[in-house]
Protein chains: 2
Amino acid sequence: MSAETDLSPILPSGLVPSLAEQTAARLRESILSGEIGPGERLSEARLAATLAVSRNTLREVFRLLTREGLLHHEPNRGVFVATPSMASILDIFRVRRMIEVPALAQAWPRHEGIARMRTAVERAEALAGVADWRAVGTENIAFHNAIVALTDSPRLIAFHRQIAVELRLTFGLLDSPEMLHAPYIALNREIVDRAGAGDTAGAAVLLGHYLDQSERTIMAAFARLA
Amino acid sequence: MSAETDLSPILPSGLVPSLAEQTAARLRESILSGEIGPGERLSEARLAATLAVSRNTLREVFRLLTREGLLHHEPNRGVFVATPSMASILDIFRVRRMIEVPALAQAWPRHEGIARMRTAVERAEALAGVADWRAVGTENIAFHNAIVALTDSPRLIAFHRQIAVELRLTFGLLDSPEMLHAPYIALNREIVDRAGAGDTAGAAVLLGHYLDQSERTIMAAFARLA
DNA sequence: ACTGTCATAATTGTTCAACAATACACTTAG
DNA sequence: CTAAGTGTATTGTTGAACAATTATGACAGT
């Protein structure tokens, strides 16, 4: 996974990540890849043995991922993989609109984030050519991370990364990633072209449309599950 | 501390909070009350003894408060109370503008959050009468929490609560809370009156002015420290 | 068969003690 | 005065133990 698409929190500069953080990263990927399904209960003893860490360390990991929204902790009953709901999807898109659209609208057209957006689009175009839709989804997330990076706000960036992780959890539930991601590559291309040309306001409008459409698509796919 | 001004994260519904969460709450208040100063190092062994919990439990607490932004973890060196900087203040106000202003602008005038805003203002007015400026500051934070509550977005509310905690950490550094809070009571009153009367757009404009002024005041007080 | 009660087993919550790994302070050699 | 090296304190991690809570299942009564 490339640096631009890494969804794990920023680590203390240049130092070896602790075992707890490494383990958190592993467990996060296990969850996001669908290896562990939403609602599933994570037994401390069993998972500690599987991951080859102590129960104490695993409990620290649980605390981290619970704060991230990936796990859900019920006292004296255990931790469970969070189960996305329609309410959470609606909330996530509401937050995304509130953050991404102004971020793009007020962007400086030569900010490095624009380059990151362009890279993500180009990669997505290439990956769509070979029908690797899961990777297309990853690049799509990178595209939107780059939009928020335009703000240079550490807090907004961290918050948005967390939201993106939650959304990826939802994607794991849905099938047909082609339908979920393919239609938006061209739109992303137009957004970044406009932003790069200085028309950030126009790009922001398009981004709003993107979010509306994407929300509808995901909600529809999600509703088909229930 | 009343329910409206409680800055601790939402606990699992109706259940006994774990020792780690209780301890996190205690440590959070120790930090925010200034009992432990910014930059100070927290020794695991010593603090565990002081709080009468095991090192393992305390480490879980550290992970919670680190994710909250109150502590700073340097691997193999220990955890330190976070030290606010000018950059963090600028970032916090940027985020607040981005969240609070639209939250108020799009508010439903009969949302319960409006009532919470009004309560906070009335309490602040009363407390200003007896010159309890620290409590005025607490009510001021409750006022802005209520604004974000107007969105009914769990994620925005949680994010804003976290930001508010970080800002309280900054307040702890500054003296003269009267100067920091007193001038804004009347402005808050006007904001809630307008919003309650249905002029949420006008209220949002005033809120923007509030944030500009407040940021300048805090930055000036902070600059006087260095 | 259905349901409620109660003992029993399994799991989480928390502590403690130990040791390894890292960083800090200090001494000593050049 | 700097540099290298040694010793010590602190963090990182583990495993075992026990208390507290919840889940399981047998059993009795209807």
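The chains referred to below are lettered A, B, ... by the order of the sequence lines, with proteins before strands, and numbering in each begins at 1.
Shown here are the side chain to side chain donor-acceptor pair (under 3.5 Å) partners of B/Thr151, two or more places apart in sequence or in another chain: there are none. Residues passing the ring pair (Phe, Tyr, Trp, His ring centres under 6.0 Å) test with A/His160: none are found, sequence neighbours excluded.
If you take CD of B/Glu21 and C1' of C/dT12, they are 14 Å apart, rounded to a whole angstrom. Separating the CZ atom of B/Phe80 from the C1' atom of C/dA23 is a distance of 11 Å, rounded to the nearest angstrom. If you take CG of B/Leu58 and P of C/dC16, they are 13 Å apart, rounded to a whole angstrom. Across the protein-nucleic acid pair, A/Asn56 atom CG and D/dA17 atom C1' stand 12 Å apart, rounded to whole Å. If you measure from atom CD of A/Glu60 to atom P of D/dT13, you get 8 Å, rounded to the nearest angstrom.
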Quiz item: How would nucleotides 6-11 of chain D be written as a contact map, 5' to 3', with B for base contact, S for sugar-phosphate-only contact and - for no contact, using protein heavy atoms under 4.0 Å?
Solution: ----SB
Practice problem: Could you go through the side chain to side chain contact (heavy atoms under 4.5 Å, CB included) check for A/Leu47 and A/Leu27 one step at a time? | Solution: CA-CA 10 Å; A/Leu47 189 57; A/Leu27 187 53; 4.1 Å; yes
Self-check item: Candidate pair A/Tyr210 and A/His144, rule ring pair (Phe, Tyr, Trp, His ring centres under 6.0 Å), full reasoning
Solution: CA-CA 11 Å; A/Tyr210 166 101; A/His144 291 273; 4.6 Å; yes
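Judged by the 6.0 Å distance and 45° axis criteria, A/Arg59 is not positioned over the aromatic ring of A/Phe62.
Between A/Glu29 and A/Arg168 a salt bridge is recorded (basic side-chain N to carboxylate O distance below 4.0 Å). Salt-bridge annotation for B/Glu215 and B/Arg97: present, with a side-chain N of the basic residue lying under 4.0 Å from a carboxylate O of the acidic one. Salt-bridge formation is not detected for the pair A/Glu68/A/Arg161: no Lys NZ or Arg NE/NH1/NH2 atom is positioned less than 4.0 Å from an Asp or Glu carboxylate oxygen.
Listed by residue number, the members of residues 46-53 of chain B with any heavy atom below 4.0 angstrom from DNA chain D form an empty set.
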Output one line per pair: protein atom, nucleotide atom from nucleotides 5-10 of chain C, and distance, for all N/O pairs under 3.5 Å.
none

Tell me which donor-acceptor pairs under 3.5 Å the side chains of residues 218-226 of chain A have, and how far apart each pair is, sequence neighbours excluded?
none

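Between A/Phe171 and A/His181, the ring-plane angle classifies as perpendicular under the 30° and 60° cut-offs. Between A/Phe159 and B/Phe159, the ring planes lie parallel to each other; the angle is under 30°, not in the 30° to 60° tilted range.
Of the side-chain N and O atoms in A/Thr57, none sit less than 4.0 angstrom from OP1 or OP2 of D/dG12.
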